[in-house]
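Encoded as structure tokens, the structure appears first; notes follow it.
Basis for what follows: all heavy atoms, side chains included, without hydrogens, waters or symmetry-related copies.
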Amino acid sequence: MSRIEQLISDIESYIDNCKYQPLSNNKIIVNKEQLEDMLAELRLKTPEEVKKYQKILSNKDAIIADAKEQAEAIINAAQIQTEELINEHEIMQRAYAQANQLIEQATAQAQAILDNATEDANNIRMSAMNYTDDMLENLQMIIEKSIKDNKEKYTSLLSGLENVLSIVNNNRSELNATENDVDIENENVAEGTSNITE
């Protein structure tokens with residue numbers, strides 16, 4: 001198991017072990033710092049995994065280059081042997097036929113090596129791409145779940161703040177009404193005092 005798979009497994013295990021919020025079956029309480037640390041490490045390790053598979057893909061060129069070198073060496077050896085056989089006049093016809101046979105065998109062998117190298121390289125490439133896609137799919141699911149959970153918390157927070165704001169507004173309205181009543185009473189008292197004085 002690679003380090004990135006281990007990290008994803010750790011995050012899933014951590015989420016599974018989190019406590020549910022009171023009176024809820026689908027909302028959990030998470031340690032934000034701990035989860036952020038896990039995600040940060042996952043973010044750091046992902047490029048390393050991608051580099052590893054890029055290195056595997058780059059070996060494709062080395063495999064093909066090696067196959068070409070082997071093919072060229074076989075063909076060169078066949079050509080050298082052909083020239084040696086042709087130089088011997090008395091067996092020229094036999095040498096010519098043998099040389100053609102050697103070249104055909106060398107070409108077929110070289111083509112087989114190239115075909116095998118190409119197939120191996122393509123298999124490695126597909127495996128690396130599939131593995132990387134699986135890792136990214138797991139990461140996508142974790143991020144989407146995190147976004148969904150945080151949206152629900154944010155909506156709940158906004159709803160609570162709106163309720164508090166409504167209470168504050170009602171309290172202010174009641175205070176303003178009380179102040180107006182006190183002002184009216186003070187004016188009535190002042191008028192009564194004025195009438196008594198007269």
Side-chain angles (χ1 to χ4, degrees), residues 1-73 109-175:
M1 180 182 285
S2 69
R3 180 58 185 150
I4 193 169
E5 287 176 303
Q6 182 61 50
L7 283 169
I8 290 172
S9 177
D10 289 347
I11 291 171
E12 289 173 341
S13 176
Y14 172 74
I15 290 172
D16 289 340
N17 291 326
C18 284
K19 292 182 179 178
Y20 285 98
Q21 285 186 0
L23 306 176
S24 173
N25 291 332
N26 58 358
K27 294 181 182 178
I28 58 173
I29 300 170
V30 298
N31 183 321
K32 181 182 176 187
E33 185 176 336
Q34 187 176 355
L35 186 59
E36 284 177 346
D37 287 345
M38 289 181 181
L39 290 173
E41 186 175 358
L42 182 64
R43 233 179 260 114
L44 288 173
K45 293 294 178 185
T46 300
E48 291 177 11
E49 291 290 329
V50 172
K51 284 180 187 173
K52 186 196 300 182
Y53 292 109
Q54 285 174 340
K55 188 174 180 182
I56 291 171
L57 290 177
S58 69
N59 287 341
K60 171 186 173 183
D61 294 334
I63 292 168
I64 292 174
D66 184 60
K68 284 181 179 177
E69 285 180 10
Q70 289 183 37
E72 287 173 2
Q109 191 175 353
Q111 187 61 48
I113 291 170
L114 282 171
D115 291 343
N116 288 336
T118 302
E119 184 177 353
D120 289 344
N122 286 335
N123 288 339
I124 291 169
R125 180 174 174 273
M126 288 303 298
S127 295
M129 287 176 66
N130 289 337
Y131 178 79
T132 304
D133 185 61
D134 288 343
M135 294 300 98
L136 292 174
E137 182 183 12
N138 287 337
L139 180 60
Q140 178 185 357
M141 289 170 59
I142 290 169
I143 292 170
E144 285 174 352
K145 188 175 186 307
S146 178
I147 289 171
K148 181 182 175 185
D149 290 345
N150 284 315
K151 268 187 181 175
E152 291 174 357
K153 291 175 188 173
Y154 182 73
T155 302
S156 175
L157 175 64
L158 281 180
S159 176
L161 288 174
E162 285 172 357
N163 289 337
V164 172
L165 178 61
S166 175
I167 292 168
V168 169
N169 286 336
N170 288 336
N171 288 341
R172 288 194 66 208
S173 296
E174 290 175 10
L175 283 173

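Within the structure, side-chain hydrogen bond (donor to acceptor under 3.5 Å, both in side chains) pairs that include any residue of residues 26-40 comprise Ser24-Asn26 (at least two apart or interchain).
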*When you look at Lys145 and Ile11, which way does the side chain to side chain contact (heavy atoms under 4.5 Å, CB included) test go after all the steps?*
CA-CA 12 Å; Lys145 188 175 186 307; Ile11 291 171; over 6 Å; no
*Please assess Gln70 against Asp66 for the test side-chain hydrogen bond (donor to acceptor under 3.5 Å, both in side chains), listing each intermediate value before the final yes or no.*
CA-CA 6 Å; Gln70 289 183 37; Asp66 184 60; 2.9 Å; yes
*Could you please spell out the steps behind the side chain to side chain contact (heavy atoms under 4.5 Å, CB included) verdict for Ile142 and Leu39?*
CA-CA 10 Å; Ile142 290 169; Leu39 290 173; 4.3 Å; yes
*When you look at Ile8 and Leu42, which way does the side chain to side chain contact (heavy atoms under 4.5 Å, CB included) test go after all the steps?*
CA-CA 8 Å; Ile8 290 172; Leu42 182 64; 4.0 Å; yes
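Glu12 CD to Leu7 CG: the interatomic distance, rounded to the nearest 0.5 Å, is 11.5 Å. Taken from CG in Asp16 to CD1 in Ile28, the straight-line distance is 8.5 Å, to the nearest 0.5 Å. A distance of 9.5 Å separates CG in Asn138 from CG in Asp133, rounded to the nearest 0.5 Å. To the nearest 0.5 Å, atoms CG (Asn116) and CD (Gln111) are separated by 10.0 Å. Atom-to-atom distance recorded for Thr118:OG1 and Arg125:CZ is 12.5 Å, nearest 0.5 angstrom. With rounding to the nearest 0.5 angstrom, the OG1 atom of Thr132 is 8.5 Å from the CE atom of Met135.
No option in Asp115, Asn122, Asn123 other than Asn123 meets the side-chain contact (heavy atoms from CB on, under 4.5 Å) test with Glu119.
Looking at Gln6 and Asp10, their side chains do bring a donor and an acceptor atom within 3.5 Å of each other.
Within 6.0 Å of atom NZ in Lys68, 12 or fewer heavy atoms from other residues, nucleotides or ligands are found, so the atom counts as exposed in its surroundings. Other residues, nucleotides and ligands contribute more than 12 heavy atoms inside 6.0 Å of the OH atom of Tyr14. Residue Asn17 qualifies as enclosed at atom CG: its count of foreign heavy atoms under 6.0 Å is above 12.
Contact record, Gln21 with Ile29: CG-CG1, 3.6 Å, taken as the closest heavy-atom pair.
One N or O on the side chain of Thr155 and one on the backbone of Lys151 form a donor-acceptor pair closer than 3.5 Å. At distances below 3.5 Å, at least one donor-acceptor pair connects side-chain atoms of Ser173 with backbone N or O atoms of Asn169.
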